[in-house]
Amino acid sequence: MTIFDKIIARQIPANIVYEDDLVLAFKDVKPAAPTHILVIPKKCIPRIAEAQPDDHKVLGHMLLKAGEIAKKAGLEQSGFRLVINNGPDAGESVPHLHLHIMGGRSMAWPPG
Ligand code: AMP
């Protein structure tokens with residue numbers, strides 16, 4: 001069970017900003033931007049490279065909800081970044097798929 005499964009099961013606390021049948025969104029405990037929210041599927045898909053064709057509904061839902069959550073957080077005009085880290089070179093640290101919503105500051109490209 002990953003730390004994110006424990007958040008879904010309410011075994012550890014999180015600052016939850018959105019929830020429905022398929023996804024949960026909560027504030028990142030170590031924010032790297034003024035707004036930093038994680039959107040996770042309730043189903044444990046370890047990482048995007050391990051998603052299956054049957055997961056297309058939840059994957060699309062994550063993106064749609066990320067846009068809505070970013071707008072609700074007031075980021076529509078200033079902009080925001082969506083990030084998925086997959087594997088060691090990308091810095092993935094929790095093996096439960098998560099989409100980072102980051103905004104509230106100007107960001108460099110390409111990322112470090
Ligand atoms: P990644 O490096 O892409 O795997 O991102 C994992 C993210 O999860 C990091 O930004 C962490 O700060 C965040 N994180 C780890 N534990 C928690 C937690 N208990 N609550 C909220 N965010 C967390």
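Whatever order the structure lists ligands and atoms in, that order sets their numbers, starting from 1.
Residue H36 has no nitrogen or oxygen atom sitting less than 3.5 Å from a nitrogen or oxygen atom of ligand 1, judged on distance alone. In terms of N/O distances under 3.5 Å, ligand 1 is approached by S93. Polar contact with ligand 1: present for V29 (N/O pair, distance under 3.5 Å).
Transitive grouping of hydrophobic side chains (ILVMFWY, heavy atoms separated by less than 4.5 Å) keeps V58 and F4 in distinct clusters. In the hydrophobic cluster analysis, where Ile, Leu, Val, Met, Phe, Trp and Tyr join through side-chain heavy atoms closer than 4.5 angstrom, I101 is grouped together with M62. A continuous path of Ile, Leu, Val, Met, Phe, Trp and Tyr side chains, each step under 4.5 Å between heavy atoms, connects I84 with V23, placing both in one hydrophobic cluster.
In K27, the part holding a heavy atom less than 4.0 Å from any atom of ligand 1 is the backbone. Of all the heavy atoms of I7, the ones lying under 4.0 Å from any atom of ligand 1 belong exclusively to the side chain. Within the 4.0 Å heavy-atom criterion, the part of L38 lying near ligand 1 is the side chain and not the backbone.
Closest to atom 2 (O) of ligand 1 among all protein heavy atoms lies G91 O, 2.9 Å. When hydrogens are left out, the protein atom nearest atom 7 (C) of ligand 1 is D28 OD2, 3.5 Å; that is the closest non-hydrogen contact. For atom 1 (P) of ligand 1, the nearest non-hydrogen atom of the protein is H98 NE2, 3.0 Å.
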Side-chain donor-acceptor pairs under 3.5 Å in residues 26-33, sequence neighbours left out?
from, atom 1, to, atom 2, distance (Å)
D28, OD1, K30, N, 2.8
D28, OD2, H36, NE2, 3.3

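Aromatic ring centres of H98 and H100: separated by under 6.0 Å.
Shown in contact with K30 at under 4.0 Å from a heavy atom are these atoms of ligand 1, numbered in order with element: 12 (O). Each of the atoms 21 (C), 22 (N) of ligand 1 lies under 4.0 Å from some heavy atom of F26. Taking a cut-off of under 4.0 Å to the non-hydrogen atoms of E92, the atoms of ligand 1 that pass are 4 (O).
Among the candidates D54, D21, D55, D5, the single residue satisfying the salt bridge (charged side-chain N to carboxylate O under 4.0 Å, His left out) test with K43 is D55.
A salt bridge links K65 to E68: at least one charged side-chain nitrogen sits closer than 4.0 Å to a carboxylate oxygen.
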Apply side-chain contact (heavy atoms from CB on, under 4.5 Å) to L22 and K57, showing your working. CA-CA 9 Å; L22 294 177; K57 183 178 172 190; 4.2 Å; yes
